[in-house]
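First up is the structure itself, then whatever we jot down about it.
As the structure is a prediction and not an experimental result, all values here were calculated from the model. Quick note: residue numbers are just sequence positions, from 1. In listed order, ligands and their atoms are each counted from 1.
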Amino acid sequence: MKTTINQVKQYEGKTVTIGAWLENKRSSGKIAFLQLRDGTGYMQGVVAKNDVSEEAFQLAKNLHQESSLYITGKIVEDKRSPLGFEMHVQDIELIHEAVDYPITPKEHGTEFLMDHRHLWLRSRKQHAIMKVRNEIIRATYQYYQDNGYVKIDPPILTASSAEGTTELFHTEYFDEEAYLSQSGQLYMEAAAMAFGKVFSFGPTFRAEKSKTRRHLIEFWMIEPEMAFVDHEESLKIQEDYVSFLAESVLNNCQMELKTLERDTSKLEQIKAPFPRISYDDAIDLLKEKGFTDIDWGDDFGAPHETAIADHFDKPVFITNYPAEIKAFYMKPAPGRSDVVLCADLIAPEGYGEIIGGSQRIDDLEMMKERYEQHGLTAEAYEWYLDLQKYGSVPHSGFGLGLERTVAWLAGVEHVRETIPFPRLLNRLYP
Ligand code: 4AD
Ligand code: MG
């Protein structure tokens, strides 16, 4: 019977065959202990000299790390292992002998590991991070589908910018110039006018010359957009969604969180409602905390965000930023033309901005005015202006960065380990 490691509990006392790689081994005299992995889990195979052919025993003793094999044996309970079971091996069939696998159990430098990312993904920690990522992806689809949103896929190749022109990736589009999408938002606004509540989940490109633990050149963003939903209602959706992600990871990634040595008490605190602080008050708070390098009108840097986040024991919304430092499409706050109805959600523990969101301008004249102020030409956005011309309604939306969320929930220092093949300022390989 062929099965996988995550299924072996169904086969206690029975003989099964598993396709696996050798993660590690130790042997002495008449016994060899093989640490096996098959992608679904980890299991120990015990090879006793008396239970197998001489050929199979010699093979077990001489196997190299990452060699692939079909291994057959009896599944027996083993209370000491995290899996709860091990295999008493009866036969081993070598599929492929791996020689001099470059990633050994000793410590390696980050650049070396990044150069071998295609192999590094096999390591336990990386495997656990990708499983957490997968759980966040799964829970995202569940959350939006269960709450009546329609998934809409905005284009990747675009003719105009959504978030400012300095970070665009240029590419040829026959005899036109095109950009890689830096946000699907404008298209999602069109979709919200057709379907009410929509969400997208796709790759996003930012030619940002930032080399920090929070920046990728290519990352994945979830962008919900809702018609007839104001800023305040949007914040409730955001905190509910993020709480659901934390709960899903806590419930469904217990083994992974253990592998990652994540302090799960921190994740248990991620429960709606989240505190809110206005940009005005955040500036005052920073001044009280002794920051002299920031004034009203400046954007926050990582140290500022971290200082504000440290003031609360949950993720915090910083609301109503100055219009000048935010995107053109954000709606001014009532009675305050200098600030806009927006919020950034800042994660605790220094993970920074997870979500950027806002209520959108729904008035044609105001939108045209904002184009001018932001130095954009209204012609490039002709189709977008149609949304304000034909049945414009109050609407809001936001974007959650997948990799920053994975880093935060998994407790990983740098976003480069939260995406299978990171694209960084100095890295397009592998
Ligand atoms: O704040 P941003 O730029 O917002 C938008 O793009 C809006 N159009 C979203 C919307 O309202 N539909 O980006 C949203 C999130 C950030 O909060 C952050 O989590 C993530 O995307 N993000 C990045 N993640 C990794 N690397 C980068 N370079 C990122 N830039 C933004
Ligand atoms: Mg932002």
Query raised in the report: Going by heavy atoms, is Arg360 under 4.0 Å from ligand 1?
Result: yes

Query raised in the report: Are side-chain N/O atoms of Gln35 and Glu23 paired as donor and acceptor at under 3.5 Å?
Result: no

Query raised in the report: Do Gln238 and Ser234 have side-chain N/O donor and acceptor atoms under 3.5 Å apart?
Result: yes

Query - Any donor-acceptor N or O pair under 3.5 Å, side chains Arg360, Ser358 - result: yes

**Report entry** Contact atoms of ligand 1, heavy-atom distance to Gly401 under 4.0 Å
**Finding:** 15 (C), 19 (O), 20 (C), 21 (O)

Query raised in the report: Can Arg37 be said to sit on top of Tyr42's aromatic six-ring, NZ or CZ under 6.0 Å from centre and within 45° of the ring axis?
Result: no

Query - Residues Glu167 and Tyr179: side-chain donor-acceptor under 3.5 angstrom - result: no

Requested in this report: Please report which non-hydrogen protein atom sits nearest to atom 26 (N) of ligand 1, along with the residue it belongs to and the distance in Å to one decimal place.
Outcome: Leu216 N, 2.9 Å

Query raised in the report: Checking Lys314 against Phe274: charged group under 6.0 Å from the ring centre and within 45 degrees of the axis?
Result: no

Query raised in the report: With respect to the Mg ion (ligand 2), what is the nearest N, O or S atom of Glu353?
Result: OE2

Requested in this report: Answer yes or no: are there more than 12 heavy-atom neighbours, outside Tyr70 itself, under 6.0 Å from its atom OH?
Outcome: no

Requested in this report: Output yes when Lys326 and Asp299 qualify as a salt bridge under the 4.0 Å nitrogen-oxygen rule, no when they do not.
Outcome: no

Query raised in the report: For atom 4 (O) of ligand 1, what's the nearest protein heavy atom and its distance?
Result: Glu163 OE1, 4.0 Å

Query raised in the report: Numbering the atoms of ligand 1 from 1, which are under 4.0 Å from a heavy atom of Ile354?
Result: 16 (C), 17 (O), 18 (C), 19 (O)

Query - Test item, Glu403 contacting ligand 1 (heavy atom, 4.0 angstrom) - result: no

Report task. Give a yes or no on whether Asp344 keeps an N, O or S atom under 2.8 Å from the Mg ion (ligand 2). Result -> no

Query raised in the report: Which option, Glu189, Met221, Met330, Glu225, owns the non-hydrogen atom nearest atom 14 (C) of ligand 1?
Result: Met221

Report summary line: Closest heavy-atom approach to atom 12 (N) of ligand 1 among Glu223, Arg206, Met188 is made by Glu223

Query raised in the report: So, does Arg214 sit close enough to ligand 1 that a heavy atom of it is under 4.0 Å from the ligand?
Result: yes

Report task. Report, in ascending order of atom number, the atoms of ligand 1 lying under 4.0 Å from any heavy atom of Gly356. Result -> 1 (O), 9 (C), 10 (C), 11 (O), 17 (O)

Query raised in the report: Is the Lys NZ or Arg CZ of Arg213 less than 6.0 Å from the centre of Tyr351's six-membered ring, within 45° of the axis?
Result: yes

Report task. Determine whether any heavy atom of Phe199 lies closer than 4.0 Å to an atom of ligand 1. Result -> no

**Report entry** Tyr241 and Asn147: side chain donor to acceptor below 3.5 Å
**Finding:** no

Query - Heavy atom of Val415, distance to ligand 1 below 4.0 Å - result: no

Report summary line: When distances are taken from atom 1 (O) of ligand 1, the protein heavy atom at minimum range is Glu353 OE2, 3.0 Å

Query raised in the report: What protein heavy atom sits nearest atom 31 (C) of ligand 1, and how far off is it?
Result: Phe219 CZ, 3.4 Å

Query raised in the report: Which ligand 1 atoms, with their elements, are less than 4.0 angstrom from a heavy-atom of Ile355?
Result: 17 (O)

**Report entry** Side chain to side chain, Leu22 and Tyr101, heavy atoms closer than 4.5 Å
**Finding:** no

Query raised in the report: Do the side-chain N and O atoms of Glu135 and Asn252 include a donor-acceptor pair separated by under 3.5 angstrom?
Result: yes

Report summary line: ligand 1 atoms nearer than 4.0 angstrom to some heavy atom of Tyr329 are 7 (C), 8 (N)

Query raised in the report: Starting from atom 15 (C) of ligand 1, which protein heavy atom do you reach first, and at what distance in Å?
Result: Gly399 O, 3.6 Å

Query raised in the report: Relative to the heavy atoms of Ser183, which atoms of ligand 1 are at a distance of less than 4.0 Å?
Result: 6 (O), 8 (N)

